[in-house]
There are 2 protein chains.
Amino acid sequence: MGASKTDHFTDKQNSIATLAKALGHPARIAILEYLIKVDTCICGDIVNELPLAQPTISQHLKELKNAGLIKGSIEGNAICYCIDEKTIGKLQDYFKNIAIKLEKKNNCC
Amino acid sequence: MGASKTDHFTDKQNSIATLAKALGHPARIAILEYLIKVDTCICGDIVNELPLAQPTISQHLKELKNAGLIKGSIEGNAICYCIDEKTIGKLQDYFKNIAIKLEKKNNCC
DNA sequence: ATTGTATATTGCAATATTACGATAGAGTTT
DNA sequence: AAACTCTATCGTAATATTGCAATATACAAT
């Protein structure tokens with residue numbers, strides 16, 4: 001096989017997994033961090049910044065966008081990509097919640 | 001191709017991407033959440049809990065373990081798996097940090 | 001020692017991801 | 001309009017992931 005059985009899990013589980021998967025590649029982490037670093041968020045810079053070809057970066061941007069981690073708006077003939085704070089907040093909350101729950105437990109190992 | 005060019009990115013970027021990738025599957029999210037839910041952390045339960053065959057779960061557990069998200073200790077003929085709080089903390093910090101940096105910026109889009 | 005239970009490993013088929021050259025589309029500039 | 005810039009899409013090769021049956025390993029209990 002190879003297809004993941006997304007239908008067997010809850011929507012929330014699938015949702016978090018999708019976000020995590022989108023971040024599961026160093027190039028996409030690097031794109032995210034670059035978007036944080038610079039104040040402008042034109043995409044052309046990213047191609048010069050990362051050691052990847054333009055189509056590859058375009059593809060990674062698409063995946064980040066599909067996952068809802070970034071959003072892009074057309075700005076002349078360039079595209080203004082930036083991070084979607086809500087989605088980052090969702091991830092932040094998720095891990096914070098786990099940490100809180102773990103504190104309340106006596107970890108048995 | 002298909003191999004990701006990990007050598008072109010920083011150690012920290014690769015490290016976060018590895019963690020995210022390990023969480024990038026609903027079954028592994030479900031395993032994590034199950035480990036939080038129950039107080040005991042014997043693995044046998046997980047096989048009964050998830051709609052996946054035992055070898056598949058064993059494989060997912062291995063990936064979570066390799067990523068440092070869970071740790072397992074042998075307990076008789078069962079294995080006691082539990083979450084590694086440090087790694088969750090690392091993720092929590094990472095997203096918290098991004099959220100803080102985004103607050104300080106005027107998001108241009 | 002044999003049987004039973006819990007977990008890991010192997011091998012393999014189906015599918016997904018990654019990367020990029022070539023090309024296309026869309027706006028800008030001259 | 002022609003040339004240029006920026007980004008997306010297509011096609012395709014290399015590689016990785018997913019899932020499971022079969023099998024192996026390791027300990028426990030009888």
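In the text below, chain A, chain B and the rest are named by the order of the sequence lines, each starting its count at 1.
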- prompt: Under 4.0 angstrom, heavy atoms only, what part of the nucleic acid is B:Gln59 near: base, sugar-phosphate, or nothing?
  reply: base
- prompt: Would one find a side-chain N or O of B:Tyr81 under 4.0 angstrom from OP1 or OP2 of C:dA8?
  reply: yes
field: Residue A:Ser58, side-chain atoms from C-beta onward, closest of D:dG19, C:dA8, D:dT9
entry: D:dT9
message: Distance check needed: C:dA19 P versus A:Leu50 CG, whole Å only.
response: 11 Å
A:Glu63 CD to D:dT9 C1', straight-line distance once rounded to whole Å: 14 Å
Heavy-atom side-chain contact between B:Pro51 and A:Phe9 under 4.5 Å: yes
- prompt: Given atom CG of B:Asn48 and atom P of C:dT7, what is their separation to the nearest angstrom?
  reply: 10 Å
Nucleotide nearest A:Ile79 when distance is taken to its side chain, options D:dG19, C:dA8, D:dA8: D:dA8
query: So, A:Arg28 side chain and A:Ala22 main chain: donor-acceptor pair closer than 3.5 Å or not?
result: yes
task: Take the protein atom NZ of A:Lys21 and the nucleotide atom P of C:dT17, then report the distance between them rounded to whole Å.
output: 4 Å
- prompt: Whole Å only: how far is the CD atom of B:Glu49 from the P atom of C:dT7?
  reply: 14 Å
- line: Heavy-atom contacts, protein to nucleotides 21-28 of chain C, under 4.0 Å, summarised as B (base), S (sugar-phosphate only) or - (none) per nt, yield BB----SS
Short side-chain N/O contact to D:dG19 OP1/OP2 from B:His25, under 4.0 Å: yes
message: The criterion is side chain to side chain contact (heavy atoms under 4.5 Å, CB included); which residues satisfy it with B:Lys90, sequence neighbours excluded?
response: B:Ser15, B:Leu19
message: A quick test of your reading: do over 12 heavy atoms of other residues, nucleotides or ligands sit less than 6.0 Å from CD1 of B:Ile100?
response: yes
message: Output the rounded distance in Å from NE2 (A:His8) to C1' (D:dG19).
response: 11 Å
- prompt: Any side-chain heavy atom of B:Leu61 within less than 4.5 Å of one from B:Ile46?
  reply: yes
- line: Rounded to whole Å, the CG-C1' distance (B:Leu61 to D:dT18) equals 15 Å
task: Output all residues satisfying side chain to side chain contact (heavy atoms under 4.5 Å, CB included) with A:Glu33, sequence neighbours left out; order by chain, then residue number.
output: A:Ile29, B:Gln13, B:Tyr94
Check: B:Ser58 side chain, B:Gln54 main-chain N or O, donor-acceptor pair, under 3.5 Å: no
message: At less than 4.0 Å, is any side-chain N or O atom of A:His60 found next to OP1 or OP2 of C:dA19? Yes or no.
response: yes
- prompt: In whole angstroms, how far is the C1' atom of D:dT7 from the NZ atom of A:Lys62?
  reply: 12 Å
- line: Walking DNA chain C from its 5' end, the first of B:Thr56 and A:Arg28 to be reached, judged by nearest nucleotide, is B:Thr56
